Amino acid sequence: MTGSPYAPHTPEGTDAMLDACGVASEEALFDIPDDVAFDGSFGIDPKSEAAVRGAIEATLARNDDLVEFLGRGHYDHYVPALVDDLSRRSEFLTSYTQYQPEITQGFLQALFEYQSLLVELTGLPVANCSMYDAATALGEAARLADRVRETSGSTVLVPDHIHEGKAGVLDNYVVGSDLTVERYPMADGAVDVDALAHAVDDETVMVYAESPTLHGVIEPSLASVGDLAHGNDALFCLGTDPVAMALLEEPASVGVDVVVGAADALGLPTSYGMGLGLFATREGYLRQVPGRLVGVSEDARGKRAFTLTLQTREQHIRKERATSNICTNQAWVALRTAMHVASLGSGGLVDLAERCVTNARELAADLDAVSGFQAPVYDRHHFREFVVHTDQPAEAVAAEVESEGFAVHVVGDHRVQVCVTETNEAHTRELVAAFEEAA
């Protein structure tokens, strides 16, 4: 075959491959159910742009107009207008992966700033320039723990209080390896250190904890968790987010080896799917980091220049040496997060984190004063969110609260979870009144 190597196959070449596969057509290679197979027509009547816009607006108008007090991994913080205005500039919005540093210095510098912000917040010296989300970052951390020489064993320990979606992604990530995932107990919403001490052994390769936890509890025993992990040649992985790290213990100071989590707590409104995973680790694991790193060098004229470096995905190095098959990143979302953090500044970020503590504490106290409810369920300090015990069935309480215009999570037969940030704090009195009606 002559010409471009990217030209389509010739009919002769296609026939030879089909013959080698023992099938008569390319369609025979796919098992597509008849009810979803394309039959040549989409069955969609053509409409004008105005008609399509009207139909979409009518559909969207059917959504319930609720004030959301929802969290559990998806958090709504106020995003300054400058983040939208700057991130939507064409050089950012239409940029492809920054493979050509000679034409992408601006975006590369922004991603380097994002990495630098995470390094400052985590206290760890290496951060990549994004993962898909918190769940895939956790999966990559487990695989990293399995690769490094400092660890032995094959068991990854995670807390009982872990989001089932995140646990499912982790289970998928360890398929094909020798890793297994087991859970350890919690006590009053935090790590049961004594139970964890019995669970950790020479077969443990990584211990994962969260602060704040799935239920909003600020974990008080991170240093003890780190000691238990390191005492058994295991890595200590912490799940958290940029807002929490501005106020809580610096991960590096309590022995954390890898920090993962949802960086999109800043920069994005609640998106229920699209996200941004953070990943930071120690210098010794630099060449095991998944995804992309932006580094600083000098160009031919001796000026500071940014470039992608130490790329460890299978497209760039020998397949058997690749650390991950992550094939893209969330560069534009990381850009927005960096813009949001920079706009807040260190003082503004700490102020926001403090509001996450005081708002949760005050709303829990107000709900606890309502007959038929006890809040918070866990006698701990909380960040953004907390669990409420309901004397009545939780589903009925949530439905009554929804009828008053508010959304909360149902997390048990007699438990709901409430999340408060600066975007819904003005509605807390009305929420409390809705709980009073439910009681």
Side-chain angles (χ1 to χ4, degrees), residues 63-77 158-168 183-192 195 210-220 239 241 244 262 265 270 272 355-439:
N63 289 333
D64 290 331
D65 186 16
L66 301 175
V67 177
E68 297 180 359
F69 284 82
L70 304 174
R72 294 173 64 83
H74 296 282
Y75 303 110
D76 187 25
H77 289 289
V158 301
D160 265 343
H161 295 177
I162 184 173
H163 195 288
E164 288 304 320
K166 187 180 294 183
R183 300 197 184 192
Y184 60 83
M186 308 289 277
D188 196 25
V191 175
D192 186 332
E210 295 183 335
S211 186
T213 69
L214 177 65
H215 295 144
V217 171
I218 298 174
E219 177 55 58
D241 69 75
T270 305
Y272 309 105
R355 288 172 71 180
C356 290
V357 174
T358 56
N359 281 342
R361 180 172 62 238
E362 292 170 1
L363 180 55
D366 290 343
L367 291 175
D368 191 58
V370 179
S371 177
F373 301 100
Q374 296 85 49
V377 166
Y378 303 114
D379 186 20
R380 305 281 189 179
H381 294 293
H382 288 74
F383 195 90
R384 292 194 193 93
E385 54 195 329
F386 53 90
V387 177
V388 182
H389 173 81
T390 65
D391 290 350
Q392 298 182 49
E395 292 282 0
V397 171
E400 180 64 29
V401 169
E402 182 176 326
S403 71
E404 297 293 326
F406 303 97
V408 298
H409 290 286
V410 175
V411 295
D413 292 340
H414 289 274
R415 290 185 176 185
V416 297
Q417 188 162 329
V418 177
C419 179
V420 56
T421 69
E422 74 279 11
T423 63
N424 60 12
E425 64 184 1
H427 301 280
T428 55
R429 289 187 179 180
E430 294 97 322
L431 178 70
V432 173
F435 271 82
E436 291 172 343
E437 288 293 325

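Note that the numbering runs from 1 along the sequence shown for the chain. As the structure is a computational prediction, the values presented were derived from the model and not from experiment. Values below: every heavy atom of this structure, side chains too, minus hydrogens, waters and symmetry copies.
Scanning both residues, S403 and E400, for their nearest heavy atoms gives OG-O, 2.5 Å. For the pair A262 and D241, the tightest heavy-atom approach, listed with the atom from each and the gap, is O-CB, 3.4 Å. Closest heavy-atom contact between A244 and S211: CB-O, 4.5 Å. When all heavy atoms of F373 and A438 are compared, the closest pair comes out as CZ-CB, 4.4 Å. Nearest heavy atom pair, residue V388 against residue V377, reads C-CG2, 3.8 Å. For the residue pair P159 and Y184, the shortest heavy atom distance occurs at N-CE2, 3.5 Å.
Side-chain atoms of D160 do not come within 3.5 Å of backbone N or O of R183 as any donor-acceptor pair. A donor-acceptor pair under 3.5 Å is absent between the side-chain atoms of D192 and the main chain of P185, judged by distance alone. One N or O on the side chain of T428 and one on the backbone of E425 form a donor-acceptor pair closer than 3.5 Å.
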For K166 and E210: C-alpha separation, side-chain torsions, deciding distance, then whether side-chain contact (heavy atoms from CB on, under 4.5 Å) applies.
CA-CA 12 Å; K166 187 180 294 183; E210 295 183 335; 2.9 Å; yes
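The structure places NE2 of H163 at 9.5 Å from NE2 of H215, a figure rounded to the nearest 0.5 Å. Between the CD1 atom of I162 and the OG1 atom of T213 there is a distance of 11.5 Å, given to the nearest 0.5 Å. Atom-to-atom distance recorded for L363:CG and L431:CG is 6.0 Å, nearest 0.5 angstrom. With rounding to the nearest 0.5 angstrom, the CD atom of E395 is 10.5 Å from the CD atom of E402.
Heavy atoms of other residues, nucleotides or ligands lying less than 6.0 angstrom from CD of E422 number more than 12. Surrounding CG of D379 are at most 12 heavy atoms belonging to other residues, nucleotides or ligands under 6.0 Å away. Atom NE2 of H161 sits in a crowded spot, with more than 12 heavy atoms from other residues, nucleotides or ligands closer than 6.0 Å.
Two residues are said to be in side-chain contact when any heavy atoms from C-beta on lie closer than 4.5 Å; E219 and V191 meet this criterion. Within the 4.5 Å cutoff, the side chain of I218 has no heavy atoms near those of the H382 side chain.
H77 and R355 share no side-chain donor-acceptor pair at under 3.5 Å.
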Pairs under 3.5 angstrom only: tabulate donor-acceptor contacts from the side chains of residues 409-421 to other protein residues two or more places apart or in another chain.
from, atom 1, to, atom 2, distance (Å)
H409, NE2, G71, N, 3.0
H414, ND1, T390, O, 2.9
H414, ND1, D391, O, 3.2
H414, ND1, Q392, O, 3.0
R415, NH1, Y378, OH, 3.2
Q417, OE1, R72, NH1, 3.2
Q417, NE2, L214, O, 2.9
Q417, NE2, E385, OE1, 2.9
T421, OG1, D76, O, 2.6
T421, OG1, T423, N, 3.3
T421, OG1, T423, OG1, 2.9

